[in-house]
Amino acid sequence: MFQTGCRPELSEESPAAGARSIHARVLTVDTHCDTAFRLLDGTWDIGARHEPGQRASGQIDLPRMAEGGLDAEFFAVFVGQEERTEEGYAKAKESALQTLESIRAMCAKYPNLVGLALTPDDAYRLEKEGRRAAFIGMENGYPVGKTLSNLEEYYKLGVRYVTLCHSEDNDICDSSTDRQDPEDRGLSEFGREVVAACNRLGMMVDVSHASDKSFYDILKVTRAPIIASHSSCRAICDSPRNLSDDMIRALAANGGVIQICFLSDYVRTPKPNPERDKAFRELRAKYGARRDIRDEATRKKGREEYEALNEKYPREKATVSELVDHIEHVSELVGVDSVGIGTDFDGGGGVEGCDDVSKMFRVTEELVRRGRTEEEIAKVWGGNIMRVFRRVIAVSRDLNSPGPPLDSGSPAR
Ligand SMILES: [Zn+2]
């Protein structure tokens, strides 16, 4: 249920009004954003409305979530990949705990606007209460280090999915975009233990960023369905970050879901833009690879210059219609039960017409235009990911109890 009065009045007869009321009725879930880094910045307030399009506005705040009719957000605890040493793991853990705490602090600071969500039931309850649901995901398993008990610690603090790697290979698995090391070793022995631990804990395993071999290795060993929290379709946009049709079939056969990413370069193959490419090459030459930037001040400066270049050389972004093409592609390939939405807002996500969270209803408008029913839209927006989450919890319960073996049916909703 949608309980704020921010949306313009529309006549009940117009298709847009129909789309808006569907959007208000269904549970809407975004499974990936990188907004948490802003929470660590003491001058930025997620409880205040920021005007879209301004550089420091970000793409998500709580008032704009209500405005766009987004009920639930998975806030990612992101830690960039660095040294795979004891010292590196310790620093990564410290950083992860700090970010985790900032998400919990947001919920404590704005209890009337948002609540921490740990289960699907929490999301449906918060939606009824007219509050936003804040789930926590962890992007990059690096802060787990080599210590499985860390995973349990993060789970206890609220983390409900772990993206096993980021842009570089780590101890768990190989990444889809590690250009320094093109060899694909897939899931490591330790990675197998991490997947098993996730299954036991009831933590969703996220394959976004994982290499193709990692993806198939993970599917071989997981006892529960898996998710791709923010990836699109390779058949439409050929990027190693997207899933091939064969991968989507395998994911769906295992009961999982692909959450279509709004990052324009993963939605539509970017047009050549030599000036922009040259400027970004120079920026990379100046700062080196992200993994090599050791101090936060330099990283912040690099990010600011990156944002300035983005303004100077804007790229033509994909559209909402092209984004919905990915949803339709998955639906045609394996059915509407295996697709959802993961924006990657504040991490590069955003398409023309839906470039911040206040415009989320535009996706529903386009789905209605394509002839999708309310039942199908409810699945895409939240029903599918919540079904997977319930299954992951059920598998965990079964693995932790000595009772009869798992049944093969899927739980309700
Ligand atoms: Zn990502």
Side-chain angles (χ1 to χ4, degrees), residues 29-40 58-60 73-82 92 95-96 99-100 103 135-144 154 159-170 172-179 191 194 198 203-212 214-215 218 226-234 237 239-243 247 251 256-268 270 289-291 293 299 302-303 306-307 310 317-318 323 326 340-351 354-357 385:
V29 184
D30 171 17
T31 49
H32 191 86
C33 79
D34 284 308
T35 309
F37 80 85
R38 294 189 193 279
L39 298 175
L40 294 167
Q59 290 170 295
I60 291 181
E73 179 66 66
F74 278 80
F75 288 88
V77 171
F78 166 71
V79 180
Q81 188 63 43
E82 291 185 14
S95 165
T99 308
L100 246 166
I103 299 166
F135 284 105
I136 306 175
M138 176 172 277
E139 184 175 37
N140 198 355
Y142 176 46
V144 175
Y154 302 141
V159 175
R160 288 299 180 267
Y161 75 63
V162 58
T163 315
L164 296 185
C165 66
H166 190 240
S167 307
E168 291 108 37
D169 303 344
N170 65 14
I172 298 171
C173 67
D174 274 12
S175 164
S176 59
T177 51
D178 199 332
R179 274 153 298 184
V194 168
C198 284
M203 180 102 89
M204 290 184 281
V205 173
D206 177 16
V207 295
S208 282
H209 288 287
S211 70
D212 288 15
S214 298
F215 170 90
I218 292 161
I226 59 173
I227 66 167
S229 71
H230 58 304
S231 292
S232 299
C233 306
R234 211 177 282 175
C237 179
S239 160
R241 273 283 285 108
N242 289 341
L243 305 194
M247 291 162 94
L251 179 89
V257 62
I258 170 173
Q259 304 284 106
I260 301 300
C261 184
F262 284 36
L263 203 143
S264 189
D265 288 358
Y266 305 157
V267 175
R268 169 219 278 178
R290 204 192 142 85
R291 72 192 329 174
I293 306 175
R299 200 167 270 182
R303 194 187 295 137
Y306 176 88
E307 285 171 1
N310 254 335
K317 285 188 174 174
L323 176 86
H326 287 256
I341 286 160
T343 62
D344 209 1
F345 279 154
D346 288 318
V351 293
C354 188
D355 204 15
D356 85 304
V357 73
I385 182 70

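Counting convention: from 1, in listed order, for ligands and their atoms alike. Everything numeric in this text was worked out from a predicted model, so none of it was measured.
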Engineer: Within a strict 4.5 Å, meaning less than it, do heavy atoms of the His166 and Tyr142 side chains meet?
Structural biologist: no
Engineer: The Zn ion (ligand 1) to His166: any N/O/S contact under 2.8 Å?
Structural biologist: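 Of the N, O and S atoms in His166, none lies under 2.8 Å from the Zn ion (ligand 1), which means no.
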Engineer: State, without any angle test, whether Thr35 and Asp346 hold a side-chain donor-acceptor pair at a distance under 3.5 Å.
Structural biologist: yes
Engineer: Applying the side chain to side chain donor-acceptor pair (under 3.5 Å) criterion to Ser231, which one of Ser239, Ser176, Ser208 satisfies it?
Structural biologist: Ser208
Engineer: From the N, O or S atoms in His209, identify the one nearest to the Zn ion (ligand 1).
Structural biologist: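 Nearest N/O/S atom: NE2.
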Engineer: Can you tell me if Glu139 has an N, O or S atom under 2.8 Å away from the Zn ion (ligand 1)?
Structural biologist: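 Of the N, O and S atoms in Glu139, at least one lies under 2.8 Å from the Zn ion (ligand 1), which means yes.
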Engineer: What I want to check is whether the side chains of Ser175 and Ser167 have a donor and an acceptor closer together than 3.5 Å.
Structural biologist: no
